Amino acid sequence: MKPRHFIQRIIDEDNVTGKFDNRVHTRFPPEPNGYLHIGHAKAIYLNFSIADEFGGKCNLRFDDTNPTAEEEEFVRSIKEDVKWLGYDWEDRLCFASDYFQQMYDYAVELVKRGHAYVCDLTSEEIKNTRGTLTKPGQDSPFRNRSIEESMDLFERMKAGEFSDGSRTLRAKIDMGHPNMNMRDPVVYRILHADHHRTKDQWCIYPMYDWAHGLEDSIEGITHSLCSLEFEDHRPIYDWYLDTLETYHPQQIEFARLNLNYTIMSKRKLKKLVDNKHVSGWDDPRMPTLSGLRRRGFTPAAIRNFMEEIGVAKRDNVMEMTKLESTLREDLNKRCERRMGILNPLKIVITNYPEGKEEFLEAVNNPENEKAGRRKVPFGRELYIEHNDFMEDPPKKFFRLAPGREIRLRYAYFITCNDVVKDVDNNIVELKCTYDPDTKGGNAPDGRKVKATIHWVSAAHAIDAEVRKYDRLFQVPSPGSMENFMDALNPDSLNILENCKLEPELKQAEIGVPIQFERLGYFCKDIDSGDTPIFNRTVPLRDTWGKIEKQMQSGKNK
RNA sequence: UGGGGUGUCGUCUAAUGGUAGGACACCAGGUUCUGGCCCUGGCAGUCGGGGUUCGAGUCCCUGCACCCCAGCCA
C-alpha cells in the first residue's frame, strides 16, 4: 500500500477532529502572468488529486491582483493547460478580481477596528524604515493617525485622488517583529492601471498576503496548499483572518518541483522566449506544459510522474531521467509502432525482381494486441538507417556489415555483398541479396541472425523532417548560475530534413505519439506543411549507444 | 551573527521506538523479429558528537550544513 504523505495525514487528522466538518476543498491559484510549467503541474496534481481522493472539490482560481503583470492570454493558456492535464474545475472558475469589493470592505473593517492605517511614506521611505533581518524597523509617523483620518484617506485612495505610490494602506502589527512580513505590511497600493477584467473600476489593488487568505476564506477553502517560500507568510495569513474573525482555512506548505538540466523560473523562461533562444513558450524544449504537449508528452505520463515523486518539505531536484522513464513507460503501452529512417542509406536487393512490390504484415503494438496489424510495402530498393551499417564493425556491433546476414523487420533476411562509395569515399549504397524463404522474418531452416533492423521501401516512402531534441542546458543546475544563458546547449535542436517514413505515416495526426521502431517516440508537429514534421519526444533506451560510448572512452575494444 | 524551514542510497521517497524498504540512475546477466519492453541479480543511505532505551532514522542535548525572508511582486 502506498504510504500517505504529510498533507494527506494532516487531512486525515482534520477529518478525525472534524476541523472543517470533514470537508476538503482545495484550489489551484495561478497568477495569470505567464505560461504554466511542469512545476505548476505538481501543484495542480496535488490540489486536484487530494480533492478527488477525499471526495472534495478543487477550484481553479486566478490570483489576478496585479494588473501591471497580468493578461487575458495567460488566463486562456492556463485554462487550456489545466484541462489538458485532465482536471475539471466544473463551475468553480474563480478570479480574485471578483472579490475586489469584498476585499475592500474587509479592509475598511480592518481600519475601523484600528488595525490598519493609511501611510504617506514613499516606497523608498518604507524600505528605509523596515529595518533589516537583524534590526527592528521604525514606526511610520502616520502609524497613529486617527481611524477617522485613515478612513477618509483610504476612501480617497479608492476614489482616485492620489497618485501611484503616494500612499498605502498598512496593517498595524509590529515594526519590531522578527518576521519581516509582520512589520506593518502593505495591504493596498495605488495603481492607476487597467485590469484585464475590471478595467478602470479600481485604482487601488490588494497585496498578495491580504488577498490570498481572503480568497481562500471567501471560497470556503479548507486546505490552502502552497510552496515553501510562503512558510513565513503563514503568520500574516493567520493574523489577517484572525483579526477579521472570519472563516480561516489552513495553509500548508510543500516543496516545489525542480528538475535538473532545465529552469523553472517564469522570468528566465520569458527571457529565453524574448531573446529567441527558443521559438516560443511552446517550443518543445521548454519545460512549459504547452512545450511538453507539443513535444509529445501525455498528460498521463505527467500525472504518473507527480504520483511517483511524492510530496514532502525538503528541497529537491528531480532527475530528468526519472521524468523520461515515466514518459517511456506510458508511451510504450499506448503508442503504435511505425518504421521511419532518419539518416537514409539506400540498399538494393539485387536478386529481388525489378518493379515487384509486396505488402508485409507488421504488428502495430506488441504491448496491445488490440491495436491490430498493418501492411508495409516492400520493394527492390530500400532505405535503412545509416548507422545500422558498418564497413569494419567492432566486435560488439551485430547489425549489417559486409558479408553479414541480418533481418529486415517483418520482411526478409538479407546479406550485404557490396558497398558502393562516391568519389569522397562516402558510403552511398549497399548491394544486398535476400532469401525469399525467410519472408515474414523467419528462416525455415531455423538459422538465426543477430540483428533485426528497420527499413522503408524507397518507392513508397514519404519524405519528412524530424526534429530531435536534447536537453536545453548543458549543466545540471543552470538556475543557480550567475548567467544561466551561458549554459544553453547549442545542440538542443537537431533538424533532419531527409527522413524517409513508411507510407502509413501519412495518416499521422498532430500531437498523437507514435513509436518509430528502434528509435524513439515521435509526434507530428503543428509546423507541418506538405512535408510532415515530426518531433522526437524521447528516444528509446539505447544500450548500443552506451556500448559505443564506453568503447570511445577506451574502456573496451 | 533576527525569524522561518529542511537534513535517509548518486537522485527522489518510505519506515511515526522493533530486520533501513521502493522507484529512477548505474553495473552484471536472462529473454527477445525493436540492442525497446519484460525478467533476475548487484551496487549504494540515516549530517556530526553525546545521551535515554533491551532496542534510536525516529526521543533528548549539542554542534554542522543547506534553503527561504528586508517588493507598493506572487
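Convention: sequence-line order gives letters A, B, ...; per-chain numbering from 1. No hydrogens, no waters, no symmetry mates; every other heavy atom, side chains included, goes into these values. Everything numeric here is computed off the predicted structure, so don't read it as measured data.
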Residue pair [X] / [Y], side-chain donor-acceptor N/O under 3.5 Å:
X	Y	value
A/Tyr117	A/Asp184	yes
A/Arg471	A/Thr262	no
A/Arg337	A/Asn365	yes
A/Asp64	A/Ser97	yes
A/Glu517	A/Gln515	no
A/Arg256	A/Asn316	no
A/Tyr237	A/Gln250	no

Classify [X] by what it touches in the nucleic acid, base, sugar-phosphate, or nothing, heavy-atom distance under 4.0 Å.
X	answer
A/Leu121	base
A/Met182	nothing
A/His233	base
A/Pro29	nothing
A/Tyr188	nothing
A/Lys333	nothing
A/Arg337	base
A/Glu231	sugar-phosphate
A/Tyr410	base
A/Ile309	sugar-phosphate
A/Thr132	base
A/Arg234	nothing
A/Val311	sugar-phosphate
A/Ala69	nothing

hbond_proxy [X] side chain to [N] base (donor-acceptor, 3.5 Å cutoff):
X	N	answer
A/Gln515	B/U34	yes
A/Arg328	B/G36	no
A/Asp542	B/G35	no

- Message: Wobble G-U and Watson-Crick pairs count when both distances are under 3.5 Å; given that, what is the 5' to 3' dot-bracket string of RNA chain B, with | for pairing to other strands?
- Response: .((((((..((((....[..)))).(((((.......)))))....(((((..]....))))))))))).....

What nucleotide, of [options], holds the atom closest to the side chain of [X]?
X	options	answer
A/Leu133	B/A74, B/G35, B/C69	B/C69
A/Pro3	B/C37, B/C72, B/A14	B/A14
A/Asp63	B/C24, B/A74, B/G3	B/A74
A/Glu319	B/U11, B/G36, B/G35	B/U11
A/Phe397	B/C24, B/C69, B/G35	B/G35
A/Ser325	B/A25, B/C73, B/C69	B/A25
A/Asn316	B/G36, B/U1, B/U13	B/U13
A/Ile126	B/C68, B/U34, B/C72	B/C72
A/Met207	B/C73, B/C69, B/A14	B/C73
A/Arg399	B/G36, B/G35, B/U13	B/G35

Using atom [atom1] of each nucleotide, how far apart are [N] and [M] to the nearest Å?
N	M	atom1	value
B/C43	B/G7	C1'	24 Å
B/U31	B/C37	C1'	11 Å
B/U58	B/U8	P	13 Å
B/G41	B/U46	P	24 Å
B/C67	B/C12	P	14 Å
B/U32	B/C27	P	23 Å
B/G5	B/U40	C1'	43 Å
B/G55	B/A70	P	48 Å

- Which residue lies toward the 5' end of RNA chain B, A/Lys127 or A/Asn365, if each is placed at its nearest nucleotide? A/Asn365

State whether [X] places a side-chain N or O below 4.0 Å from either non-bridging phosphate oxygen (OP1 or OP2) of [N].
X	N	result
A/Arg518	B/G35	yes
A/Arg314	B/U11	no
A/Thr65	B/A74	yes
A/Lys546	B/C27	yes
A/Arg189	B/A74	yes
A/Thr543	B/G36	yes
A/Arg541	B/A25	yes

- Given A/Val186, A/Thr122, A/Val187, A/Ile204, the one that forms side-chain contact (heavy atoms from CB on, under 4.5 Å) with A/Thr168: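 The residue from A/Val186, A/Thr122, A/Val187, A/Ile204 that satisfies side-chain contact (heavy atoms from CB on, under 4.5 Å) with A/Thr168 turns out to be A/Val186.
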
- Query: Syn versus anti for B/G71, judged by chi lying within 90° of 0?
  - Reply: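 You should classify B/G71 as syn.
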
- A/Ile384 side, atom CD1; A/Phe389 side, atom CZ - distance, nearest 0.5 Å: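 It is 7.5 Å, given to the nearest 0.5 Å.
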
- Task: Check whether the ring centres of A/Phe413 and A/Tyr434 lie less than 6.0 Å apart, and answer yes or no.
- Result: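 Between A/Phe413 and A/Tyr434, the centre distance exceeds or equals 6.0 Å.
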
- Message: Quick check: A/His195 with A/Phe100 (ring centres under 6.0 Å apart)?
- Response: yes

- Message: Applying ring-ring contact (aromatic ring centres under 6.0 Å, His included) to A/Phe522 and A/Phe534, what does each step give before you reach the verdict?
- Response: CA-CA 6 Å; A/Phe522 296 77; A/Phe534 283 86; 7.4 Å; no

- Taking every non-hydrogen atom, the tightest pair across A/Arg407 and A/Thr452: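 Smallest heavy-atom distance, with atoms named: NE-OG1, 3.1 Å.
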
- Message: Would A/Trp544 count as stacking on B/G35 if stacking means ring centres less than 5.5 angstrom apart and planes tilted under 30 degrees?
- Response: yes

- Please list, by residue number, the residues of residues 161-171 of chain A whose heavy atoms come closer than 4.0 Å to an atom of RNA chain B; answer none if no residue qualifies.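 Under 4.0 Å from RNA chain B: A/Gly165, A/Thr168.
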
- Residue from A/Arg399, A/Arg518, A/His454 passing side-chain hydrogen bond (donor to acceptor under 3.5 Å, both in side chains) with A/Glu385: A/His454

